[in-house]
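Naming convention: chains lettered A, B, ... in sequence-line order (proteins, then strands); numbering from 1 in each chain.
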There are 2 protein chains.
Amino acid sequence: MGEGETNAFPLIWTQRQQPRRRGLDREQITAAAIRVADEAGLDGLTMKAVAARLGPYSPMALYRHVHSKEGLFDLMLDAATAEIPLPGEPGDDWRRDLRTLALETRRMTSRHPWFAVLVHARPPAGPHMMRRLEFMLTVLVRRGATVGDAMTYAVLIDRHVLGSALQESEEARLERRHGLDDDARLYAAIATLRELAAADGGLPHLTEWLTHPAGPTPEERFVIGLDFVLDGIAARLA
Amino acid sequence: MGEGETNAFPLIWTQRQQPRRRGLDREQITAAAIRVADEAGLDGLTMKAVAARLGPYSPMALYRHVHSKEGLFDLMLDAATAEIPLPGEPGDDWRRDLRTLALETRRMTSRHPWFAVLVHARPPAGPHMMRRLEFMLTVLVRRGATVGDAMTYAVLIDRHVLGSALQESEEARLERRHGLDDDARLYAAIATLRELAAADGGLPHLTEWLTHPAGPTPEERFVIGLDFVLDGIAARLA
DNA sequence: GCTATGCGTATACGACATAAACTTTCCAAA
DNA sequence: TTTGGAAAGTTTATGTCGTATACGCATAGC
């Protein structure tokens with residue numbers, strides 16, 4: 001006590017950044033972890049895999065620098081957030097600012113599908129995550145929203161962005177896990193679903209859709225939903 | 001082949017329902033698993049815990065009936081979905097139908113916080129999940145939407161409902177894992193975040209909010225976002 | 001009563017995160 | 001140049017998990 005380290009819980013952001021001498025550091029480890037997760041998915045993100053990616057290291061080597069896997073998650077999330085371009089100042093069109101940020105966030109999550117899964121498991125306390133949120137709040141407050149309302153709107157936008165990302169990423173994970181990257185097998189899996197729906201007897205629309213999946217692409221869906229949210233915010237800002 | 005069991009992947013719905021003679025069955029196991037998950041969270045949902053909840057059983061006993069933990073997930077998800085009241089037929093107010101369904105779904109997820117986490121990890125192929133989706137499609141198609149558009153709108157509604165549930169449930173999980181159900185510790189954790197934000201120097205709105213968290217309650221937020229989606233759908237149906 | 005079926009168990013295996021104790025490396029001061 | 005000690009990395013070990021396999025036993029149908 002008296003050290004300023006009386007944390008209610010272990011966020012890596014409240015822990016000492018080592019002075020850096022030689023060997024590994026947080027940055028390298030984070031970058032390696034991100035590469036592993038991008039390539040092998042969250043299932044493949046083990047301490048052993050990250051260590052191996054860094055060279056001839058043992059899994060335990062990482063603990064000197066990140067103290068737990070969750071700490072590594074914090075670092076990964078913030079590093080990925082740092083990839084999202086963030087204007088220094090809001091422009092004069094709030095809607096464009098928020099729309100662009102949402103689209104850029106989506107671009108990031110499509111590079112890093114694990115992001116949407118992890119982000120819900122840790123508090124958004126990294127510096128880049130906080131700065132991104134501050135940007136959204138600033139844009140909205142300048143348009144007359146209270147901070148409380150601005151937080152609500154920001155949360156709703158992120159819910160859509162990250163919800164979309166999560167759904168698409170988990171779908172991809174499922175397909176990968178069961179080898180459905182092969183077209184024939186994917187078709188067979190859909191056929192199984194269609195048969196289940198048809199067997200029920202009372203599911204005409206669902207059966208029809210499974211027979212001829214139609215409608216907007218996932219990307220178009222995302223934009224439609226994003227505009228729903230932005231329209232709603234606009235109506236309340238007015 | 002020739003058996004109808006050439007599954008591209010193992011959904012429990014395509015597997016034989018045992019004739020039931022004695023001992024355990026899927027229904028009991030599912031109910032026990034749901035109780036365990038409700039009480040101990042997903043982290044506490046182990047095969048061992050479920051077996052123990054059923055009586056003096058070994059974890060391996062479950063495998064006779066569910067063949068894998070993921071199969072158990074499928075059963076849990078569908079059983080929880082079955083708790084959502086579903087009208088036999090749509091009424092004459094599409095918006096009311098969808099709104100009610102969304103609110104009832106939310107009620108279910110607040111009883112079963114694990115739902116929103118698991119639902120993304122498995123295809124929604126259970127009978128109750130399919131019937132619920134069919135209901136949404138029917139409501140929308142009757143109002144003139146194509147099946148493809150109806151699917152989009154249904155997905156957007158669920159994205160909001162489940163996204164909200166996920167965020168709130170993971171927040172609760174985090175708080176539980178770190179003993180923040182104690183008010184003093186929770187306050188300390190928030191103070192830590194505020195200090196981090198204040199230390200950055202460039203986060204006035206976020207710092208302000210962390211000092212005096214204001215704005216709508218989570219429940220109000222949910223309704224605001226739900227109406228954004230419903231308004232958006234209404235505009236496109238017209 | 002006999003036998004086949006199928007239910008539950010015991011045992012075992014291979015991942016995984018990570019605690020603790022150790023060894024090695026390298027810098028800084030004497 | 002020597003030396004003390006901290007920092008970096010490894011080894012070993014522990015406990016938990018899902019689950020494959022092989023087995024014993026009770027029961028249901030004859």
Side-chain angles (χ1 to χ4, degrees), chain A residues 9-12 15-30 32-33 36-37 40-76 114 117-118 121-122 173-174 177-178, chain B residues 9-12 15-30 32-33 36-37 40-76 114 117-118 121-122 173-174 177-178:
Chain A
F9 73 52
L11 282 170
I12 203 165
Q15 269 143 18
R16 286 213 326 84
Q17 192 83 261
Q18 76 282 33
R20 284 269 31 271
R21 308 236 169 185
R22 64 182 190 282
L24 300 173
D25 69 355
R26 285 184 179 176
E27 219 171 286
Q28 295 173 55
I29 294 176
T30 306
V36 169
L42 271 187
D43 297 333
L45 182 71
T46 66
M47 300 305 267
K48 185 174 157 192
V50 175
R53 170 64 69 117
L54 285 163
Y57 292 102
S58 92
M60 292 310 293
L62 308 183
Y63 284 88
R64 181 77 44 182
H65 306 272
V66 299
H67 94 283
S68 84
K69 198 176 181 183
E70 297 214 314
L72 182 54
F73 291 166
D74 283 338
L75 293 168
M76 292 172 70
W114 46 267
V117 183
L118 283 192
R122 303 290 307 162
R173 188 175 81 104
L174 213 63
R177 288 222 312 154
H178 294 286
Chain B
F9 72 54
L11 281 171
I12 203 165
Q15 270 141 18
R16 291 217 21 65
Q17 192 82 263
Q18 77 281 37
R20 284 273 19 270
R21 310 241 166 181
R22 62 183 190 279
L24 300 173
D25 69 354
R26 285 184 178 176
E27 218 171 288
Q28 295 173 55
I29 294 175
T30 306
V36 169
L42 271 187
D43 296 335
L45 182 70
T46 66
M47 299 306 266
K48 185 174 158 191
V50 175
R53 170 64 69 119
L54 284 162
Y57 290 102
S58 90
M60 291 312 293
L62 308 182
Y63 283 87
R64 183 78 49 185
H65 304 272
V66 299
H67 95 283
S68 86
K69 197 177 183 184
E70 298 216 309
L72 182 53
F73 291 166
D74 284 336
L75 293 168
M76 293 172 70
W114 45 267
V117 184
L118 282 192
R122 303 291 305 163
R173 188 174 80 104
L174 212 62
R177 287 224 311 155
H178 294 286

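- The Thr46(A) side chain lies nearest to dA17(C) when the options are dG9(D), dA17(C), dA20(C).
- For Tyr63(B) and dA20(D), the OH to P distance is 7 Å, given to the nearest whole Å.
- Atom-to-atom distance recorded for Ile12(B):CD1 and Glu70(B):CD is 11.0 Å, nearest 0.5 angstrom.
- Contact check, His65(A) against dA7(D): no side-chain N or O comes under 4.0 Å of OP1 or OP2.
- Within a 6.0 Å radius of NZ in Lys69(A), more than 12 heavy atoms belonging to other residues, nucleotides or ligands are found.
- For the pair Met47(A) CE and dC16(C) P, the computed distance is 12 Å after rounding to whole Å.
- DNA chain C is contacted by both Pro59(A) and Arg64(A); Pro59(A) maps to the nucleotide lying nearer its 5′ end (nearest heavy atom per residue).
- Contact check, His67(A) against dT18(C): no side-chain N or O comes under 4.0 Å of OP1 or OP2.
- Atom-to-atom distance recorded for Ser68(A):OG and Met47(A):CE is 7.5 Å, nearest 0.5 angstrom.
- For Met60(B), whose side chain is taken as the heavy atoms from C-beta onward, the closest listed nucleotide among dA19(C), dT19(D), dG9(D) is dT19(D).
- Atom CG in Leu62(A) sits about 13 Å away from atom P in dA19(C), given to the nearest Å.
- Nucleotide dA8(D) holds its P atom 15 Å from the CG atom of Leu54(A), rounded to whole Å.
- Listed nucleotides: dA10(C), dT18(C), dG18(D). Nearest to the side chain of Lys69(B): dG18(D).
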